[in-house]
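For reference, the structure discussed in these notes is given below.
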Amino acid sequence: MQTERTHVERNREAWTQMNEHFGPRGRISWETPEISWGCWGVKESEIQALGDLADLNGKEVIELGCGTAYFSAWLARHGARPVGIDITPAQLASARAYQSEFGLDFPLIEGNAEEVPLPDAQFDLALSEYGASIWCDPYRWIPEAARLLRPGGRLVFLRNATLAVLCTPDEGPAGDHLIRDYFSMNRIEFPGDVSVEFQLTPGAMIRLLRASGFEVENLIELQIPEDAPDNYPYVTKAWGRRWPAEEIWIARKRG
């Protein structure tokens, strides 16, 4: 009898395949000096999800589900001391190649962001941009982020906006009406796709963050920029100009 594979195993397989596409895309982000967020490159300077970038200097940062680690690279250029963790060797191989190419060096760990092999209270900032934030079980990775953070440390993560998920069919881009059940949201599997995504409702996310020792400071709902290219298969630019396709959560660990 064949044992059912875990979401970790399935997502590792999916991202091994997707690295052929996203590995080269990661290089574009590595060579871009300005920090931006999400599929449409919303500029950090416009939304200030990270606050004053000067405050990153010397800060210890853990990127949970770092992929090709371009976000860690951006933070390192601002004086932060990042560590990236990811389950996919192919993604980490791309990240190490870019480290060598661009002359940046910081630790990269092959491992699961739901159980990070590092001590408690080691970091000032935990970050995820389409990493652990959608590919890991939130009931495991968010308490793990809390464990890794020092009191007063921040958790900042970007994920799909709830409305976008509710309006996205099994095939094709998001439409203008609700398709998915709201109250059964958590684990999402698309037909024919080996990967597994996770999406809690906002209420469930707030309860989980608070139970894990966080206070929610902000929720930034992103609008696709007017000058962004219309080339994303799951959300059209017209849709994302009317409704939020992505959202950034900002929380702080209680002292």
Which distance, rounded to the nearest 0.5 Å, do you find between the NZ of Lys253 and the CG of Leu209? 13.5 Å
Using the rule that Ile, Leu, Val, Met, Phe, Trp and Tyr join whenever any side-chain heavy atoms are under 4.5 Å apart, tell me whether Trp249 and Ile220 fall into a single cluster. no
Looking at Glu246 and Leu158, would you say the former's side chain and the latter's main chain have a donor-acceptor pair under 3.5 Å? no
With a cut-off of 3.5 Å and sequence neighbours excluded, list every side-chain donor-acceptor pair involving residues 75-88.
from, atom 1, to, atom 2, distance (Å)
Arg77, NH1, Trp30, O, 3.1
Arg77, NH2, Trp30, O, 2.8
Arg81, NH1, Glu60, OE2, 3.1
Asp86, OD1, Thr88, N, 3.0
Asp86, OD1, Thr88, OG1, 3.4
Asp86, OD2, Cys66, N, 3.3
Asp86, OD2, Gly67, N, 2.8

Side chains of Asn160 and Tyr234 only: does a donor on one sit below 3.5 Å from an acceptor on the other? no
Apply side-chain contact (heavy atoms from CB on, under 4.5 Å) to residues Leu155 and Leu127 and explain how you reach the verdict. CA-CA 6 Å; Leu155 171 62; Leu127 173 80; over 6 Å; no
Please report the shortest heavy-atom distance between Ala204 and Tyr139, naming the atom on each side. CB-OH, 4.3 Å
Under the side chain to side chain contact (heavy atoms under 4.5 Å, CB included) test against Thr16, which residue among Arg12, Met18, Glu13, Glu20 passes? Arg12
Kindly work out whether a path of hydrophobic side-chain contacts (I/L/V/M/F/W/Y, heavy atoms less than 4.5 Å apart) joins Ile134 to Ile248. yes
Pro225 vs Val42 side-chain heavy atoms within contact, under 4.5 Å: yes
Inter-residue atom distance Leu53.CG - Ser45.OG, 0.5 Å rounding: 8.5 Å
With the side chain counted from C-beta on, respond yes when Lys43 and Glu34 share a heavy-atom pair under 4.5 Å apart, and no when they do not. yes
With a 4.0 Å cut-off, would you call Arg140 and Glu144 a salt bridge? no
When rounded to the nearest 0.5 angstrom, what is the spacing between CG in Asp137 and CG in Asn186? 6.5 Å
Which atoms form the tightest heavy-atom contact between Gln122 and Pro119, and what is the distance? OE1-CD, 2.8 Å
Take Tyr232 and Trp239, measure what ring-ring contact (aromatic ring centres under 6.0 Å, His included) needs, and give me the verdict at the end. CA-CA 11 Å; Tyr232 188 59; Trp239 196 101; over 10 Å; no
SB check Arg159 Glu247 (cutoff 4.0 Å): yes
How long is the gap from OG on Ser94 to CZ on Arg96, to the nearest 0.5 Å? 10.5 Å
May I ask you to check whether over 12 heavy atoms, not counting those of Arg242, lie within 6.0 Å of atom CZ? no
Going by side-chain heavy atoms closer than 4.5 Å, which hydrophobic residues are tied to Phe198, directly or by a chain of links? Val196
I'd like to know if Arg180 pairs up with Asp170 as an ion pair, taking the criterion as any Lys NZ or Arg NE/NH1/NH2 lying under 4.0 Å from an Asp or Glu carboxylate oxygen. yes
Membership question, hydrophobic clusters at under 4.5 Å side-chain separation (ILVMFWY): are Leu125 and Ile62 in the same one? no
Distance-only donor-acceptor check, side chains Glu189 and His7, under 3.5 Å: no
Give a yes or no on whether Leu163 and Leu200 share a hydrophobic cluster (residues Ile, Leu, Val, Met, Phe, Trp, Tyr; joining criterion: side-chain heavy atoms under 4.5 Å apart). no
Taking atom CZ as the centre, does Arg210 end up with more than 12 heavy-atom neighbours from other residues, nucleotides or ligands that are less than 6.0 angstrom away? no
Identify whether the distance between the nearest side-chain nitrogen and carboxylate oxygen of Arg154 and Glu217 falls below 4.0 Å. no
Gly65 and Ala113 have their tightest heavy-atom pair at N-CB, 4.2 Å
Side-chain donor or acceptor of Asp181 paired with backbone N/O of Phe183 under 3.5 Å: no
If you define the side chain from C-beta out and look only at heavy atoms, does anything of Ile109 sit under 4.5 Å from Pro117? yes
Hydrophobic cluster identity match, Leu208 and Leu149, side-chain contacts under 4.5 Å: yes
Check whether the side chains of Ser128 and Glu63 place a donor and an acceptor atom closer than 3.5 Å, and report yes or no. no
Does the ring center of Trp141 lie less than 6.0 Å from the ring center of Phe157? yes
In short, Glu114 meets Val8 closest at the heavy-atom pair OE1-CG2, 4.2 Å
Looking only at heavy atoms, the pair that brings Ala146 and Ser212 closest together is CB-O, 3.2 Å
Rounded distance (nearest 0.5 Å) linking atom CG of Asn112 with atom CD of Glu9: 10.5 Å
Does a side chain donor of either Asp230 or Thr236 reach within less than 3.5 Å of an acceptor in the other side chain? no
Val235 side chain reached by Trp40 side chain, heavy atoms, under 4.5 Å: yes
Measuring centre to centre across the rings, with the benzene-like ring taken for any Trp, is Tyr130 within less than 6.0 Å of Trp37? no
Minimum heavy-atom separation for Arg147 to Val116, with atom names? NH2-O, 2.9 Å
How long is the straight-line distance from CG of Leu118 back to CZ of Phe123, given to the nearest 0.5 Å? 5.0 Å
